[in-house]
Amino acid sequence: MSVSVTVVGNINIDFVMEADRMPRPGETLRASKLRMVPGGKGANQAVAAARLGAEVTLIGRVGADVFGQPLLQSFAREHVNSDFVRRDEQAATGAAFITLTPDGQNSILSALGANLNCSEEQVEEASEVIENTDILMLQLGIPPVAVDRSIQIAVDRNVPILLDPSPLGEELPQLWRHADIMIPNETEVGDLTGTQVSDIPSALTAAIELASHAATMAVITLGAQGCLIADTKGARLIRGYPVQAVDTTAAGDAFAGALAVRIAEGASANEAAVFANAAGALAATVVGAQPSLPRRQSVERFLEQRGGLERANIEEL
Ligand code: RIB
């Protein structure tokens with residue numbers, strides 16, 4: 001039976017422009033290609049989980065503009081329940097302008113638009129769904145009060161919470177320490193713990209700090225290097241899979257969705273992280289946020305070809 005995943009988070013339309021290099025300040029540079037694709041961290045993680053076999057409900061907000069309706073239609077195609085995605089008459093659909101260069105680097109400028117109107121009341125309307133889900137996924141692309149309300153509802157019913165603290169702004173949700181699993185990258189874990197993270201030893205220190213004062217399980221995402229886990233069993237580095245990366249946009253979202261699905265399915269932290277590393281690696285091989293999110297079969301085949309969990313590179317720290 002499928003596990004249920006609920007995501008409260010931001011929804012964007014992504015404008016992806018491919019260029020030979022990033023534009024310099026004051027420069028107008030011609031892009032070779034423009035793609036408009038569904039994106040936004042919350043929506044990406046919802047679609048990632050759905051493609052990996054979960055029953056997913058997304059709570060969020062789009063504008064009542066030309067982008068809102070197609071995004072809702074895309075959720076229907078992805079079998080993501082969007083009954084709790086509101087159409088906002090006052091604000092535009094969130095958008096991200098992504099510049100992508102041939103080396104796979106990207107730079108993202110995003111305007112959160114309608115996502116910023118996602119309110120406590122809107123979360124409250126979906127409280128029954130949150131209370132009955134196997135895992136709740138949160139990020140920080142919506143107002144902290146909406147994240148706080150989601151955390152409170154989940155905590156009251158012992159629903160496990162996975163928090164991706166991104167984009168990390170000035171104001172954190174007050175209840176962020178109640179998340180069971182946190183998946184910051186190196187910069188974010190540095191900011192959250194007040195430490196300077198520049199290598200594996202410093203990431204380890206920050207992860208242990210995070211796991212002792214906040215989440216039960218801290219998973220530091222290290223991009224192509226994989227991830228570092230600190231939990232009650234200790235700490236280990238789970239190496240990522242080398243791939244020909246063309247665009248890393250949403251690779252972290254593929255990782256998050258995969259980790260959540262496998263944890264909800266009862267997999268061990270190591271097993272879930274290996275699966276998540278594979279999903280993230282596959283996402284980096286395709287251009288665009290949601291177009292790149294892999295399906296369950298692809299992740300399983302990819303892992304099988306690399307010897308599965310037995311051959312995964314796991315280093316106790
Ligand atoms: O995590 C990737 C996402 O970040 C993109 O889809 C873009 O919308 C930005 O929010």
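Bear in mind the structure is a predicted one, so any value in this text is a computation, not a measurement. Start at 1 and go down the list; that is how both ligands and their atoms are numbered.
Rounded to the nearest 0.5 angstrom, Asn10 CG and Thr93 OG1 are separated by 12.0 Å.
Across all their heavy atoms, Gln139 and Val7 have their closest contact at NE2-CG1, 3.6 Å.
Of the protein's heavy atoms, Asn44 ND2, 3.7 Å lies nearest to atom 3 (C) of ligand 1. Closest to atom 10 (O) of ligand 1 among all protein heavy atoms lies Asn12 ND2, 3.2 Å.
Counting only N and O atoms by type, the side chains of Asp103 and Thr101 include a donor and acceptor under 3.5 Å apart. For the residue pair Thr249 and Asp247, a side-chain donor N or O sits within less than 3.5 Å of a side-chain acceptor on the partner.
Ion pairing between Glu265 and Arg262 holds under the 4.0 Å rule for side-chain N and carboxylate O. Residues Arg86 and Glu121 are not paired through a salt bridge, judged by the lack of any N-O separation under 4.0 Å between the basic side chain and the carboxylate.
When each atom of ligand 1 is checked for a heavy atom of Asp253 under 4.0 Å away, the hits are 1 (O), 2 (C). Residue Ala96 has at least one heavy-atom neighbour below 4.0 Å for each of these atoms of ligand 1: 7 (C), 8 (O). For ligand 1 and Ala289, the ligand atoms under 4.0 Å from any heavy atom of the residue are 6 (O). Atom numbering of ligand 1 starts at 1 in the shown order; those under 4.0 Å from a heavy atom of Lys41 are 1 (O), 2 (C), 4 (O).
Distances between N or O atoms of Asp14 and those of ligand 1 include at least one value under 3.5 Å. Taking only nitrogen or oxygen atoms, main chain and side chain alike, Ser110 does not reach within less than 3.5 Å of ligand 1. Any N or O atom pair closer than 3.5 Å counts here, and Gly40 shares at least one such pair with ligand 1.
Phe97 and Phe15 have parallel rings, their planes meeting at less than 30° on a 0 to 90° scale where 60° marks the start of perpendicular.
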